[in-house]
Amino acid sequence: RIVNTTTFNGSPLLNGQKGYTIASVDDADLSDVRINSANTSSGTMDVTVSIEAPTAGVVTSSDIIGGLGGDVAFTLTGPNGSSMAVPFASGTGRSTIRGAVNAWSGTTEVSAENSGNGLGFTAQQVGSTKSVTVTVTAGSAYFTVDGGTTSTDYGEDAVVTVNGQTTTIDDDSQEATFSSASFSGT
């Protein structure tokens, strides 16, 4: 079988002899781990850790699954500061609102998805400086966010600790690289 016969410089590659052990971490604390390189001859290992931190998110507290009960308008502001003012007529369905928000997600960096009987608005970037704000400007009797007319939520930075070295990841474009095989992340 190919698993038992594939080698590089006489070293088996696919038979399971080579592997990585990641210790001291609860699986639930990590969303993505990638081992990108290893130097097994010296006993050290370069590890690149990619972890997604929670993003900012605002949830509607109105039941709009059957459509809006009246005319509604709200302003959505994303993590890059771009805003989108959107009016919707009475009876507009949740999927139409979600589609309108998602059509502008390239500009606002906010996406919408179903959440219970309402909608959730989520930042497409991570980090404690990234926020989502929803301000209801008309129709608050029919559409509220987190129980009111304005709600802002901030994301969280990812904190990565490798062999006592800690770094904070506050942007989608960052990676933390350490020389270690054991790490913990939050």
Residue pairs passing the ring-ring contact (aromatic ring centres under 6.0 Å, His included) test with at least one member in residues 92-127, sequence neighbours excluded, are Phe74-Phe121
Regarding Ser62 and Thr144, do their side chains bring together a donor and an acceptor under 3.5 Å, going by distance alone? yes
Any donor-acceptor N/O pair, Asp71 side chain to Ala89 backbone, under 3.5 Å: no
Under a 4.5 Å cut-off applied to non-hydrogen side-chain atoms, are Glu113 and Leu119 in contact? no
How long is the span from the CD atom in Glu109 to the CD atom in Gln125, to the nearest 0.5 Å? 4.0 Å
Checking Phe143 against Ile64 for the side-chain contact (heavy atoms from CB on, under 4.5 Å) test, could you report, in this order, the C-alpha distance in whole Å, the side-chain angles of both residues, the deciding distance, and whether it holds? CA-CA 8 Å; Phe143 190 87; Ile64 60 171; 4.1 Å; yes
By the definition side-chain hydrogen bond (donor to acceptor under 3.5 Å, both in side chains), identify the one residue from Thr108, Thr77, Thr135, Thr107 that meets it with Ser83. Thr77
Given Val132 and Leu76, is the side-chain contact (heavy atoms from CB on, under 4.5 Å) satisfied, shown in steps? CA-CA 7 Å; Val132 171; Leu76 177 67; 4.1 Å; yes
Does the side chain of Ser111 come under 3.5 Å of the side chain of Thr122 through a donor N or O and an acceptor N or O? no
Please find the pair of heavy atoms, one from Ser115 and one from Gly120, that lie closest to each other, and give the distance. CB-N, 3.7 Å
With no hydrogens and no angle check, do the side chains of Thr152 and Thr133 hold a donor and an acceptor under 3.5 Å apart? yes
Test your reading of the model: is there a side-chain donor-acceptor pair from Arg94 to the backbone of Asn114, 3.5 Å cut-off? no
Is the backbone of Asp63 close enough, under 3.5 Å, to the side chain of Asn117 for a donor and an acceptor to pair up by distance? no
Close side-chain approach of Tyr154 and Ser128, heavy atoms under 4.5 Å: no
Check against side-chain contact (heavy atoms from CB on, under 4.5 Å), Ser151 and Val58: CA-CA 7 Å; Ser151 183; Val58 173; 3.7 Å; yes
Closest approach of Pro79 to Lys130 (non-hydrogen atoms, all atoms of both residues): CB-CB, 3.7 Å
Side-chain heavy atoms nearer than 4.5 Å, only ILVMFWY residues, links allowed to pass through others: does that put Ile65 and Val59 together? no
Walk me through it: do Leu68 and Ile97 pass the test side-chain contact (heavy atoms from CB on, under 4.5 Å)? CA-CA 10 Å; Leu68 295 172; Ile97 299 170; 3.9 Å; yes
